[in-house]
Amino acid sequence: MRHFLTLRDFTKEEILEIIDLGLQIKQNLKSGIYNGELKNKTLAMIFEKSSTRTRVSFETGMFQLGGHALFLSNRDIHLGRGEPVKDTARVISSMCDMVMIRTFEHSMIEEFASYSKVPVINGLTDSYHPVQLLADYMTLVEHGAHKNIVAAYVGDGNNMTHSWMMLAAKLGFELRVATPKGYEVDAKILQDALEIAKASGAVIKTMNDPKEAISGATVVTTDTWVSMGQEDEKEQRIQAFKGFMVDDEVMSLAQEGAKFLHCLPAYRGYEVSEEVFEKHSKIVFDEAENRLHAQKGLMVWLDKQRDM
Ligand code: CP
Ligand code: NVA
């Protein structure tokens, strides 16, 4: 049995296999073919933070695969009132076939997984957002932009950045990360990614200059400056991130035809300008839709591992 907590635990081949499976299931859906791969199975979805895409995509995906999803906010279950994670894990995994969790500390999901009898999927923690990266890479494949990637991430050194670092390290592409001073990526995760990169040939560079990161990039991406749980730091962050907006001026430094990705929700006038966002809205909303397809591939893949 496998859990999907970070891309770190997956090989390049496995990541590509999951995406490929997602693309096949997407093709089936578009042709009106439903194979009921997860018929009679249930997915428990624990949300300790808000979500639009993650909830809609997992719930819809599970239904389309013939199964059922349970939405469990921490206001509804005893976890939110102090029932231990390890007890919650043992109860839920005795009844459900898979669990998706969106939470704060990454250690919570690790603890849950260590007590779970069924696969656990990370639907975002403070440290990582790996399901988003499956959708992002799937989108690059569909847009023919997955070869010789030189990616630039401009903004906060957060869960999205860490997952981009893991994807680059595993797949072996170049990633430049530009953050303001004081908002750099987690040093331990960077070390880890650099170690993995040695084997794949990935080049991962961190810097404080967005222009340096974007120059010649084939893929440009960013994320909110204020992640969930950081609302109290909003004003201070807006000051610190001045000069880090992806606008037409910096975007013009990227390679001709460079793709822009955003995990959403997007805050125009902060991490991205209205113009850049709207110019690239087709690919950004393909990326959002691909959450559904990539995660269906992931759930079917994880379910298959249990049968092996
Ligand atoms: N990108 C993403 O995870 O969106 P939600 O927070 O809406 O789920
Ligand atoms: N970094 C953002 C991602 C939202 C999908 C957050 O954690 O809020």
Side-chain angles (χ1 to χ4, degrees), residues 3-16 18-19 105-107 109-110 121-141 145-210 212-225 227-228 230 241 244 246 254 258-264 271 287 294 298:
H3 300 296
F4 188 78
L5 305 189
T6 83
L7 294 171
R8 188 186 188 290
D9 309 326
F10 286 74
T11 63
K12 174 180 180 173
E13 290 67 33
E14 287 170 339
I15 294 167
L16 298 180
I18 291 166
I19 290 169
E105 300 266 318
H106 192 72
S107 56
I109 204 166
E110 287 176 335
I121 298 172
N122 180 355
L124 183 147
T125 63
D126 289 345
S127 306
Y128 294 104
H129 195 8
V131 285
Q132 181 67 54
L133 270 292
L134 292 180
D136 291 8
Y137 192 73
M138 175 186 269
T139 309
L140 293 178
V141 170
H146 60 300
K147 303 250 164 73
N148 305 319
I149 294 176
V150 177
Y153 177 98
V154 174
D156 188 23
N158 64 14
N159 44 13
M160 277 301 297
T161 333
H162 297 152
S163 288
W164 268 101
M165 280 157 39
M166 280 300 158
L167 186 76
K170 289 286 174 172
L171 300 193
F173 61 80
E174 179 169 345
L175 173 68
R176 296 115 168 229
V177 175
T179 62
K181 287 206 168 70
Y183 294 89
E184 282 92 357
V185 298
D186 181 279
K188 225 172 128 263
I189 297 176
L190 175 61
Q191 236 7 77
D192 208 13
L194 290 173
E195 200 53 48
I196 298 167
K198 283 183 191 159
S200 69
V203 177
I204 300 173
K205 295 180 191 155
T206 55
M207 55 199 78
N208 302 112
D209 179 1
E212 185 188 342
I214 292 187
S215 291
T218 64
V219 176
V220 177
T221 187
T222 183
D223 182 23
T224 182
W225 295 341
S227 284
M228 290 180 275
Q230 298 173 336
F241 283 82
F244 279 75
V246 178
K259 308 294 180 201
F260 173 78
L261 294 177
H262 195 306
C263 66
L264 302 176
E271 76 271 13
E287 178 190 2
L298 173 64

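- Of all heavy-atom pairs between T224 and N158, the closest is O-ND2, 3.9 Å.
- In this structure a side-chain-to-backbone donor-acceptor pair under 3.5 Å is present from H162 to D186.
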List the steps and the verdict of side-chain contact (heavy atoms from CB on, under 4.5 Å) for D156 and T179. CA-CA 6 Å; D156 188 23; T179 62; over 6 Å; no
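- Of the possible donor and acceptor atoms, none in the side chain of S163 sits under 3.5 Å from a partner among the backbone N and O of T6.
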Should W164 and Y153 be marked as a ring-ring contact (aromatic ring centres under 6.0 Å, His included) after you check the CA-CA gap, both sets of side-chain angles, and the distance that decides it? CA-CA 8 Å; W164 268 101; Y153 177 98; 7.7 Å; no
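- Salt bridge K12/E14: absent, no basic N to carboxylate O contact under 4.0 Å.
- When side chains are defined from C-beta on, M166 counts as touching I196, because their heavy atoms get closer than 4.5 Å.
- Taking both residues in full, the closest heavy atoms of I109 and I121 are given as CD1-O, 4.0 Å, listed atom of the first, atom of the second, then distance.
- No donor-acceptor pair under 3.5 Å is formed between the side chain of E271 and the backbone N or O of G155.
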Mind running side-chain contact (heavy atoms from CB on, under 4.5 Å) on L171 and L16 for me, showing each step along the way? CA-CA 9 Å; L171 300 193; L16 298 180; 4.3 Å; yes
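- Of the charged side-chain nitrogens involved, at least one lies within less than 4.0 Å of a carboxylate oxygen, so that K205 and E174 count as a salt-bridged pair.
- Smallest separation of non-hydrogen atoms from V185 and G157: CG1-CA, 3.9 Å.
- Across all their heavy atoms, P180 and N208 have their closest contact at C-ND2, 3.7 Å.
- In this structure, the side chains of I15 and L134 come closer than 4.5 Å at one or more pairs of heavy atoms.
- Put simply, the side chain of V246 reaches to within 4.5 Å of the side chain of V220, judged on heavy atoms.
- Using a 4.5 Å heavy-atom cutoff, the side chains of L7 and L133 are in contact.
- Electrostatic pairing of E184 and K181 does not count as a salt bridge here, judged by no charged N lying under 4.0 Å from a carboxylate O.
- Residues H106 and S127 have side chains that never bring a donor and an acceptor to within less than 3.5 angstrom of each other.
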Start with the C-alpha gap between F10 and F4, add the side-chain angles, then the distance that decides, and say whether ring-ring contact (aromatic ring centres under 6.0 Å, His included) holds. CA-CA 8 Å; F10 286 74; F4 188 78; 5.1 Å; yes
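- The closest donor-acceptor contact from the side chain of T125 to the backbone of E105 lies at 3.5 Å or more, if one exists at all.
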Run L124 and Q132 through side-chain contact (heavy atoms from CB on, under 4.5 Å) and show every step you take. CA-CA 9 Å; L124 183 147; Q132 181 67 54; over 6 Å; no
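- Side chains of E110 and H3: a donor-acceptor N/O pair is absent below 3.5 angstrom, by distance only.
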Does the pair H262 and T221 meet the rule for a side-chain contact (heavy atoms from CB on, under 4.5 Å), with working shown? CA-CA 6 Å; H262 195 306; T221 187; 5.5 Å; no
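- M165 is listed as a side-chain neighbour of L190, based on a closest heavy-atom distance under 4.5 Å.
- The main-chain N or O of I189 is never found under 3.5 Å from a side-chain atom of R8 such that the two would form a donor-acceptor pair.
- Under a 3.5 Å cut-off, the side chain of Q230 and the backbone N or O of S227 do form a donor-acceptor pair.
- Below 30°, between 30° and 60°, or above 60°: for Y137 and F173 the angle between ring planes is below 30°, a parallel geometry.
- Here the closest heavy-atom approach between residue A258 and residue A217 is recorded as CB-O, 3.5 Å.
- Of all non-hydrogen atoms in A202 and A168, the two that sit nearest each other are CB-O, 3.2 Å.
- Checked by atom type, the side-chain pair N159/D126 shows no donor-acceptor distance below 3.5 Å.
- Counting only heavy atoms from C-beta outward, the side chains of V219 and V150 never approach each other to under 4.5 Å.
- Side-chain atoms of D136 and T139 form no donor-acceptor pair, as typed in the model, at a separation below 3.5 Å.
- Expressed to the nearest 0.5 Å, how far CE of M160 lies from CG of L167 amounts to 9.5 Å.
- Using a 4.5 Å cut-off on side-chain heavy atoms (C-beta onward), R176 and M207 make contact.
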